[in-house]
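Here the structure comes first, spelled out in structure tokens, and everything after it is commentary.
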Number of protein chains: 2
Amino acid sequence: MTETKVPERTARLEEQLCFAVYQAGHAFTRMYRLALAELGLTYPQYLAMLVLWDGDGVTVKALGERLSLDSGTLTPLLKRLEAAGLIRRERSRQDERQVHLYLTDAGEALREKGACVPAAMGEAIGEIVNSDGRLLGDLKALREALLKASDHS
Amino acid sequence: MTETKVPERTARLEEQLCFAVYQAGHAFTRMYRLALAELGLTYPQYLAMLVLWDGDGVTVKALGERLSLDSGTLTPLLKRLEAAGLIRRERSRQDERQVHLYLTDAGEALREKGACVPAAMGEAIGEIVNSDGRLLGDLKALREALLKASDHS
DNA sequence: GACAATTTAATTGTGCGCAATATAAATCAT
DNA sequence: ATGATTTATATTGCGCACAATTAAATTGTC
């Protein structure tokens, strides 16, 4: 037993799962950037619009839960969408703490142009890698495990 | 054949691969945040230190290629690491365009504390999901496909 | 050797992402 | 009903991420 205590090399960057996720995320936003620029949207703005296209009138809070984002991120993002004329922000009469989000006609109209974005992406790469939804499932499981493990509450 | 042309619903957010990657990335940085805060590092700073621990003296350019980040991101980040006393930035004598990055004693000393970070993470979640490196491989393949597809050059 | 083209960093400006805090409204407890 | 607690949004501040530009050094060409 030659106890060769190698000075505990930290794992190589490229072999770490966190880095792979980090890089894949950047690659995705880069990929979406061009297509979304034609819609005048950033990627996070596009995600917000996806939620509203799925059904508007939701509150900022509900949107935040769907996207895992807080008001510190959403408030300025939503103000930009409002300034772009895509949504309206209306404070609730029943509960004046809440702000409901509605699509304008322009925001509704953008849905169709937005609809072809994931299709274009999907054809380019989706089937190649995500053959049977396995990767998607793995990532969801990963996220769950991460959230569970980092539940500092 | 009842041709019910449903108004082309955009895919649900939660079923989109890009969103899963986006969410997993956030979950990772959240998970790392606490452990890294004890080292006084952010997650991107930790990635930079990983590269330098793997071998210092590299240029900003080389670091950027390793991390897929440009000088716009790296210059201020490296200045912060320098201000924290972890690295030195030295402009090359041979080629004054280049800046080489060296670990200080403090930066070198941080390696050991940093070494237990991925271990703690890995034990918490690594084995659960990444049973045999399949997920890692899938993500790398995904990244490759994305970069290839978005090679606007 | 002079000058154009390329390369490397740094700078500027915009938009997330998130912690911490503030503010105001609603709810709860007495 | 009044005061304490909780909830929803907004604000502030810091640190990425990246496009676009600038500045300076190097290389290539003639």
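Order of the sequence lines fixes the chain letters, A, B, ..., with proteins taken first and strands second; residue numbering starts at 1 for each chain. Worth knowing before you read on, the calculation uses all heavy atoms, side chains too, and leaves out hydrogens, waters and symmetry mates.
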Roughly how many Å is it from OH in A:Tyr43 to P in D:dC18, rounded to a whole number? 14 Å

Is the B:Trp53 ring parallel, tilted or perpendicular to the B:Tyr46 ring (thresholds 30°, 60°)? perpendicular

Are OP1 or OP2 of C:dT11 and a side-chain N or O of B:Lys79 less than 4.0 angstrom apart? yes

Judged by each residue's nearest nucleotide on DNA chain C, which is more toward the 5′ side, A:Gly72 or A:Glu96? A:Gly72

Out of D:dA10, C:dC18, C:dC16, whichever nucleotide has its closest atom nearest the side chain of B:Arg33: C:dC18

Could you tell me whether the side chain of B:Arg88 and the main chain of B:Tyr102 form a donor-acceptor pair under 3.5 Å? no

Any side-chain N or O of A:Thr29 below 4.0 angstrom from OP1/OP2 of D:dA17? no

Ranking B:Pro44 and B:Gln94 by the position along DNA chain D of their nearest nucleotide, the one closer to 5' is B:Pro44

Under 4.0 angstrom, heavy atoms only, what part of the nucleic acid is A:Leu74 near: base, sugar-phosphate, or nothing? nothing

Whole angstroms only, please: what is the CG-P distance between A:Leu67 and D:dT9? 14 Å

If you only use heavy atoms from C-beta on, which nucleotide in C:dC16, C:dG17, D:dC18 is closest to the side chain of B:His26? C:dG17

Between D:dC16 and B:Arg80, is there an OP1 or OP2 to side-chain N/O distance shorter than 4.0 Å? yes

Under 30°, 30 to 60°, or over 60°: which ring-plane class applies to A:Tyr43 and B:Tyr22, parallel, tilted or perpendicular? perpendicular

Using 0.5 Å steps for rounding, measure from the CD atom of A:Glu65 to the CG atom of A:Asp70. 12.0 Å

May I ask you to verify if any side-chain N or O of B:Tyr22 is less than 4.0 angstrom from the OP1 or OP2 atom of C:dG17? yes

Residue-phosphate contact under 4.0 Å: B:Arg89 side-chain N/O, C:dA10 OP1/OP2: yes

Ignoring backbone atoms, establish whether A:Arg93 has a side-chain N or O less than 4.0 Å from OP1 or OP2 of C:dA26. no

Whether A:Thr73 contacts C:dG17 is assessed here as follows: a side-chain N or O lying under 4.0 Å from the phosphate OP1 or OP2. Is that the case? no

So what does A:Leu69 touch, heavy atoms closer than 4.0 Å: a base, only the sugar-phosphate, or nothing? sugar-phosphate

Rounded interatomic separation in angstrom, taking CG from B:Leu47 and C1' from D:dC16: 11 Å

Send over the distance from B:Leu101 CG to C:dA10 C1', rounded to a whole Å. 14 Å

If I take atom CD in residue B:Glu90 and atom C1' in nucleotide C:dA9, what distance separates them, rounded to the nearest angstrom? 16 Å

Distance check: side-chain N/O of A:Thr42 vs OP1/OP2 of C:dC16, anything under 4.0 Å? yes

From CD of A:Gln23 over to P of D:dC16, roughly how many Å is that when rounded to an integer? 16 Å

In terms of heavy-atom contacts, A:Arg80 and A:Gln45 come closest through NE-NE2, 4.0 Å

A:Arg111/A:Glu108 salt bridge by N-O under 4.0 Å criterion: yes

Distance-only donor-acceptor test (3.5 Å): side chain B:Ser71, base C:dA10: yes

Taking D:dA19, C:dC16, D:dG15 as options, the one with an atom nearest any side-chain atom of B:Gln45 is D:dG15

Tell me: CZ of B:Arg91 to C1' of C:dA9, nearest whole Å? 6 Å

Minimum-distance nucleotide (side-chain atoms of A:Arg97 versus D:dT9, C:dA9, C:dA26): C:dA26

Can you measure B:Leu78 atom CG to D:dG15 atom P for me and round it to whole angstrom units? 14 Å

Select one nucleotide: of C:dA19, C:dT8, D:dT9, the one nearest the side-chain heavy atoms of B:Gln98. C:dT8

